Amino acid sequence: VDLSAINLSGELPSYLGEWNKLTDLALSETSIGGVIPSSVAKLTALRKLDIHDAKVSGSIPVELTNCTSLMTLDLSGNLLSSELPAELLGGDNLQYVYLFDNSLSGTLPPFLSESLMSLDISDNQLSGTIPLSWNGGALQNLRLGFNSLSGTIPEDVVNSFNNLNQLILSFNQLRGSLSPSFAVNLTNLQYVDVSNNYLPQKYPYVLDTRGWELLYYPQNEIPTSLPSGEPSGEPSQVPSAGPSGEPSQIPLAAPSTEPS
């Protein structure tokens with residue numbers, strides 16, 4: 001069922017789960033609102049749920065994890081809040097998850113499906129650290145920018161994403177530094193954005209980017225004390241599938257002066 005981009009309003013019906021043979025549901029770019037009913041647990045044949053750029057509010061129900069056939073979940077551009085269910089990203093068949101541009105809070109779920117190829121939870125209110133338990137060999141795109149994530153960038157986790165093409169971690173509160181072995185074996189990597197965090201401004205060694213673009217500046221610095229809010233500064237452009245412009249690159253040797 002595809003009812004996207006039409007003059008559709010109202011709320012998601014509580015009896016949604018009665019359509020138990022439904023495989024695809026698209027209600028994107030409409031005025032559909034309300035909450036996602038817990039009856040979605042009955043949609044065991046559902047492969048695609050796409051309600052981006054609508055007016056859906058409330059929380060993502062834990063019952064959604066019962067949709068074991070789900071491959072694509074797109075709830076971006078809504079009014080969703082509350083925390084993410086711990087099992088949300090662990091579905092055996094899950095491949096694409098887009099939850100960006102909401103008001104989701106709490107921490108990142110600890111489980112990551114081995115089939116997951118693209119995950120975008122940017123532009124929310126997530127906090128905490130990037131889970132050390134993540135290990136997604138199929139993951140190609142990971143976008144967690146514009147949140148309040150803290151701690152260090154777990155290089156062992158990043159290096160386990162063998163098929164990673166794009167990594168967006170900009171506009172968080174990440175600290176520490178990138179070691180010379182960062183992403184050194186990720187042969188498919190094309191773009192990394194770690195700008196606007198609290199990483200050191202200068203490196204005493206050469207970062208081997210092996211051809212991939214690294215957007216590191218601006219506004220990367222280690223403050224005397226970590227603030228409670230997000231880093232300030234003008235946002236850098238975050239590409240949706242790859243760099244759309246010409247991002248600045250970190251020099252391959254330690255800079256002698258601070259960037260303009």
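All heavy atoms count here, side chains included; hydrogens, waters and symmetry mates do not. Bear in mind the structure is a predicted one, so any value in this text is a computation, not a measurement. Numbering starts at 1 and runs along the sequence shown.
Here the rule is side-chain contact (heavy atoms from CB on, under 4.5 Å) with L70, and of T44, V97, L46 only L46 fits it.
Distance alone, capped at 3.5 Å, is enough to place a donor-acceptor pair between the N147 side chain and the N124 backbone. Without hydrogens or angle criteria, S9 side chain to S31 main chain gives no donor-acceptor distance under 3.5 Å. Between the side chain of N197 and the backbone N or O of S195, at least one donor-acceptor pair lies under 3.5 Å. One N or O on the side chain of N102 and one on the backbone of N78 form a donor-acceptor pair closer than 3.5 Å. Distance alone, capped at 3.5 Å, places no donor-acceptor pair between the N165 side chain and the L189 backbone. Between the side chain of N172 and the backbone N or O of L149, at least one donor-acceptor pair lies under 3.5 Å.
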For side chain to side chain contact (heavy atoms under 4.5 Å, CB included), just list the numbers for L139 and W134, CA-CA rounded to whole Å, side-chain angles, deciding distance to a tenth of an Å, and then say yes or no.
CA-CA 11 Å; L139 195 64; W134 278 12; 5.8 Å; no

Before you tell me yes or no, could you show the steps for Q173 and Y198 under side chain to side chain contact (heavy atoms under 4.5 Å, CB included), namely the whole-Å CA-CA distance, both residues' side-chain angles and the distance that decides it to 0.1 Å?
CA-CA 6 Å; Q173 297 176 15; Y198 298 113; 3.9 Å; yes

When you look at S170 and I168, which way does the side chain to side chain contact (heavy atoms under 4.5 Å, CB included) test go after all the steps?
CA-CA 6 Å; S170 54; I168 308 295; 3.7 Å; yes

Starting from the C-alpha separation in whole Å, work towards a yes-or-no answer on side chain to side chain contact (heavy atoms under 4.5 Å, CB included) for V192 and V158.
CA-CA 11 Å; V192 174; V158 174; over 6 Å; no

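Between the CG atom in L49 and the CG atom in L64 there is a gap of 6.5 Å [rounded to 0.5 Å]. Rounded to the nearest 0.5 Å, atoms OG (S69) and CG (N66) are 11.5 Å apart. Taking CG of L99 as the start and CD1 of I60 as the end, the distance is 4.5 Å to the nearest 0.5 Å. Taken to the nearest 0.5 Å, the CG atom of N20 stands 10.5 Å off from the OG atom of S39. Here the CD-CG distance, from E83 to L126, works out to 9.5 Å after rounding to the nearest 0.5 Å. For the atom pair CD1 (I121) and CZ (F146), the distance works out to 15.5 Å, reported to the nearest 0.5 Å.
Hydrophobic clustering (side-chain heavy atoms under 4.5 Å, transitive across Ile, Leu, Val, Met, Phe, Trp, Tyr) keeps L89 apart from Y98. Criterion: ILVMFWY side-chain heavy atoms under 4.5 Å apart, direct or through other members. Under it, L119 and V157 are part of a common hydrophobic cluster. Note on W19 and I51: same hydrophobic cluster, where clusters join Ile, Leu, Val, Met, Phe, Trp and Tyr whose side-chain heavy atoms are under 4.5 Å apart, directly or indirectly. I32 and I36 fall within the same hydrophobic cluster, defined by Ile, Leu, Val, Met, Phe, Trp and Tyr side-chain heavy atoms under 4.5 Å apart, directly or through other members. Using a 4.5 Å cut-off between side-chain heavy atoms of Ile, Leu, Val, Met, Phe, Trp and Tyr, with links allowed through other members, F100 and L73 fall into different hydrophobic clusters.
For residues 46-74, every residue pair satisfying the salt bridge (Lys or Arg N to Asp or Glu O under 4.0 Å) rule, not counting sequence neighbours, is listed here: D24-R47.
The two residues Y96 and L116 have their closest heavy-atom pair at N-CD1, 4.0 Å. Heavy-atom minimum distance, I153 versus F182: CG2-CE1, 4.3 Å. Summarising the geometry of P109 relative to A86, their closest heavy-atom pair is CB-O, 3.4 Å, with the distance given to 0.1 Å. Summarising the geometry of P61 relative to P37, their closest heavy-atom pair is CG-O, 4.3 Å, with the distance given to 0.1 Å. The two residues L43 and L16 come nearest to each other via the heavy atoms CD2-O, 3.6 Å. A pairwise comparison of heavy atoms in N162 and N159 identifies OD1-O, 3.7 Å as the closest pair.
Taking the side chain as every heavy atom from C-beta outward, L169 and I130 approach each other to under 4.5 Å. When side chains are defined from C-beta on, S118 counts as touching R143, because their heavy atoms get closer than 4.5 Å. Considering only heavy atoms from C-beta on, D92 stays 4.5 Å or farther from T68 through its side chain. A heavy-atom distance below 4.5 Å is found between the side chains of L75 and L80. Using a 4.5 Å heavy-atom threshold, the side chains of L178 and E155 count as touching.
Annotation: side chain to side chain donor-acceptor pair (under 3.5 Å) contacts of E18 (sequence neighbours excluded): K42. Evaluation of the side chain to side chain donor-acceptor pair (under 3.5 Å) rule for S115 yields S113 as partners, not counting sequence neighbours.
A donor atom on one side chain and an acceptor atom on the other are found under 3.5 Å apart for H52 and S28.
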